Amino acid sequence: MLSVPVRFPVTHVEVNCTMDKDAVLTHILKPKGTSTLLGGEQPINVINNNKYIPPLTSEAHATDRNVEDSLLSLDSAILTALSSECKTVVLVGPEGSGKTTTLQRLVLDWAKGQHLQNYMFVFHFRFRELKYLNKILSLETLLLHHHGLIQSESLPSVLQNPEKVLFVFDDLDHCKQSLDPSTQTLCPSTLKAVSMSCLVASLLHGSLMKGATFAVASRPTESLKFIGGTQMEVLGFLKPQREAYFKGFFADLGAANEALQHMERTLGFYDISTSPRFCWTVCSIYKSLMDAEAKLPETVSQLYADILVYLIQTLSLSKECNRELVLALGRMASHCFTNQQLSCYQEEIDAFGFQHLLTSVGVFLQVDLEHSSTPVLSFHSQLMQEFLLAVSFFLDESTSEGAEKMLEKHTGVQFLDGFLSALSGPIQRQPLETLLGNFNSDQIIDFKSWFKRSSEVTLRGCYKEKHHRYFRLLHQAQNESLVKDIVTPSARLGISYGDLSLQDCVTLNYVVTCLGGMEFLNLYHTRNLSEEQVERLAPSMSLSQKINLSNCCLSTGAVPHMASALSRGSTKELNLSNSRLGDEKFKILCAGLKDSKLHSMNLVVCRLTKASCEDLASVLISGTPQLCVLDLRHNEIGDEGLISLCKALQSPLCKLQELLVQGNGLTAASMEALSAALCSGQSELRKLDLTNNTIGDRGVEVLCKALQHPLSKLKGLKLFDSELTGTCCPYFKEALMSEHCSLSELELSVNDLGQEGALLLCQALSRPECPVENLGLKRCELTVAVFKELGSVLKSGTSKLKSLIIGINKVGNKGVKHLSDAIAHPNCLLEELDVEMSGLTDACVEDLCAAIRASRTLKSLELRNNLLTDASVPALVQVMQDSPNMLEMNLKYNDFSEDVFDMLEECDRIRY
């Protein structure tokens, strides 16, 4: 109990004294104003007419979207929180998201005896009304005279039983003074008169009525960080709630469905579409347009143009008066935005030019005469406030302020630039010009000039958020020729679209379809690509040659839309790497792949198993797709999965030329099927990557038989880290010496081949018939003797070797000298040499530099992770400067100090 003086003797307190709930009911049910197109339907009408649909919280959104599940509604969340030990619940949401109606429903249910009956007193205040109380006042005065629903004899019970009291504070964002307790002295007494902000802060921070409970609603504001308790983000209406709302608004189900589908397509991607008040506005204007058999708006700009036309027509004013009214509204809008005001008083209003138009402002503004001695005007809708500002900018003949300065002045106004973009076009502004007169042509020209100039600069950059801003402006403009003029071919190259919102998907799709397609649609790293997003992107997908969806997470519902886009489109390359696709989703995708024009598909780390290989095999032999490159790396398909694919490889309908199955859990068990496919005469396979599988020497023996077969077309084979030993080298020697072998690339790195095995390979490489041009033997336990033999091969005049990857073998300067001597020989064709981590020191540099100067072919030298020091740098820099044929030398991770970095910087072909 608070130790503060009380005016009423304790002996007069009746413990059972409670607030008169009938009085509360009468007060709540009393009509307050009328429903308006911009202000929305009155909350009490919504409740009384059984139109109330509980908004959702963000937590409910993450759990379930079912409108029938009342346990996930905002109402339920509030009741659950208040029934626990929580003393403060704060509802945070944008304008019109349903906070006010929810709080009224909460108080109404208490007054009806349905919920929260543990509270004897519930005080409901709206700050949009309390803000007019400029004088100081005490808590007792506030409760007795400004609430008006409690008798004076009940007040002692209120003050002495705070745990039985619930305060409901709506519109807290209208309380402009800070609620930071450190900036003001909190009030300790219910009798002390203080400012309204101090009174509220004292209640919320417990210096008054400690133990009382609070339900607070506010738009997002800085003051919220000073309020403890449970915060709930109010989302308003999602799809199911909107569907229920539209069906309740329209008497005809067909009209309801038509209106809802149109809104979902054109407006459902905006956050504003979750607002119950916005849904009222949309339904109202749609009904008006549908009754008149007029076309429904395609953008939010067109929607507000239709609303403005409708409202102006209801006034029946002259064109001159219409123009004067909109200009005055625009001045007020600008004043409120720049001064961060929600309303204006009489003395401010006079300056805007409303003097003889005050009787007409009611359709646009909320006029409060009840709680203030002077009229107070505020906008019902921030969106209409922004739209009126945009219209007045183009109407104003007296200003020289350009578009750029005007936008800078109103930074943070969400839709202003989009509205300006739309109104700059003749088609969208024409209905307004009919009622308001012609727009200022100089302002239109200025805006278009700014738009073109700034967008071209932005699209050349790499900031996707800025790209999307201009895509939104183009979408609002609804001008195909403008899109083609702004988004030039050079501008398209650097555009990336990771982590898209639904709005981004819509605007991007609009731009791509206007352009007639994209060479490269880069959607990488969109962490949750939903059904709605892919549905909106599907047309642009079908028009794109290459699609990158790497590191994306596709929902199950999204996959059919993508499959449909691929089946009817012209996409040649699809990258789904790291998309966690899984067998179930991939099966759905395959239905579209059968009719696609895909040439290449990347499925790295997609959580596929052998089941997906059966679906893939079906695609490969369907006859329609021309799939040539299939990347299945790091999926656990196992031997059974590869065997399924091998059956498809033997079909004449299969066009696959490159198969990457690195790290797929393969063993020698599946090599027989692979060998059979290569020898079948039907397989078009040219490149095969078996890296990081347990193929072993037995598997290689089987594969090498296929390499010698006259019908095998294989030219590239990678067996990096495949658990091979020197035992497999005789098989390779035999295959490479075969007249039918066409293998030009052989990668055997990270296998323990040893000296004896490698020397056998060298014998095959020295034969004139050996086709190998690229050889990988990195970390194969090679010796100086092997390097000596490789040097001889390179100098022989019969070797075709152009690339030799032979690092991480401990041969030191002595071993690499054999290769340096070979590079300098006129018969050597080598273009790339990798001797990373070979134990090289400065002593080898002279030979290497001499070799580079003598070579006619060497282009790339990899010297990473060796023991070179600062002493070798001058010679290496000089030889690179003297050798234009050398494209790159990599010196990273050697023993260099920062002293030589400037010298290394002199040659941009050196990496260090």
Side-chain angles (χ1 to χ4, degrees), residues 56 58-69 72 235-244 246-247 257 260-271 273-274 497-510 512-513 521 523-544 547-569 571 574-596 598 601 603 605-609 611-612 615-616 619:
L56 291 188
S58 55
E59 182 179 356
H61 178 207
T63 310
D64 197 336
R65 296 188 176 197
N66 189 351
V67 70
E68 301 298 331
D69 192 346
L72 296 173
L235 295 181
F237 288 173
L238 299 179
K239 244 185 174 180
Q241 286 76 27
R242 287 200 291 267
E243 182 177 350
F246 273 65
K247 287 179 179 177
N257 288 332
L260 178 64
Q261 288 170 13
H262 186 85
M263 181 193 179
E264 292 291 346
R265 181 176 64 81
T266 58
L267 302 170
F269 46 88
Y270 291 115
D271 290 341
S273 67
T274 63
Y497 313 106
D499 252 358
L500 305 175
S501 67
L502 184 56
Q503 181 182 357
D504 294 334
C505 293
V506 170
T507 55
L508 171 60
N509 184 71
Y510 174 77
V512 173
T513 50
L521 185 62
L523 303 168
Y524 78 103
H525 213 276
T526 301
R527 282 166 285 193
N528 291 294
L529 206 50
S530 68
E531 177 178 359
E532 288 179 304
Q533 287 174 300
V534 177
E535 184 178 9
R536 302 302 176 91
L537 285 169
S540 56
M541 286 182 170
S542 65
L543 291 169
S544 300
I547 301 175
N548 183 8
L549 287 163
S550 62
N551 291 94
C552 291
C553 184
L554 288 156
S555 70
T556 301
V559 179
H561 295 291
M562 189 170 73
S564 176
L566 292 171
S567 68
R568 65 176 185 269
T571 306
L574 177 63
N575 185 350
L576 286 164
S577 59
N578 295 286
S579 63
R580 294 170 286 175
L581 201 59
D583 293 333
E584 181 184 350
K585 295 176 189 175
F586 186 68
K587 188 177 189 69
I588 300 170
L589 181 63
C590 284
L593 294 178
K594 290 181 179 180
D595 296 317
S596 74
L598 278 185
M601 184 160 58
L603 296 167
V605 194
C606 281
R607 299 183 180 179
L608 306 183
T609 70
S612 288
D615 294 317
L616 260 177
V619 170

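What you are looking at is a predicted structure, and each value in this text was computed from that prediction instead of being measured.
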CG (D583) with more than 12 external heavy atoms under 6.0 Å: yes
Stepwise side chain to side chain contact (heavy atoms under 4.5 Å, CB included) test for V512 and L537: CA-CA 9 Å; V512 173; L537 285 169; over 6 Å; no
Short side-chain to backbone donor-acceptor contact, R536 and T507, under 3.5 Å: no
Between CG on residue N509 and CD on residue E535, distance to nearest 0.5 Å: 10.5 Å
Spacing of CG belonging to L608 relative to SG belonging to C606, to within rounding of 0.5 Å: 5.5 Å
Polar side chain donor-acceptor pair, D595 to S567, under 3.5 angstrom: no
Check: N551 side chain, Y524 main-chain N or O, donor-acceptor pair, under 3.5 Å: no
Worked verdict on L554 versus L576 for side chain to side chain contact (heavy atoms under 4.5 Å, CB included): CA-CA 10 Å; L554 288 156; L576 286 164; 3.9 Å; yes
Side-chain (E264) to main-chain (Q261) donor-acceptor, under 3.5 angstrom: no
Exam field: side chain S555 to backbone E531, donor-acceptor pair closer than 3.5 Å: yes
Distance-only polar pair, side chains of S501 and D504, donor-acceptor under 3.5 Å: yes
Flag, side chain of T571 to backbone of S544, donor-acceptor distance under 3.5 Å: yes
Under 3.5 Å donor-acceptor, E532 side chain and L502 backbone: no
Within 6.0 angstrom of H262 NE2, more than 12 heavy atoms from elsewhere: yes
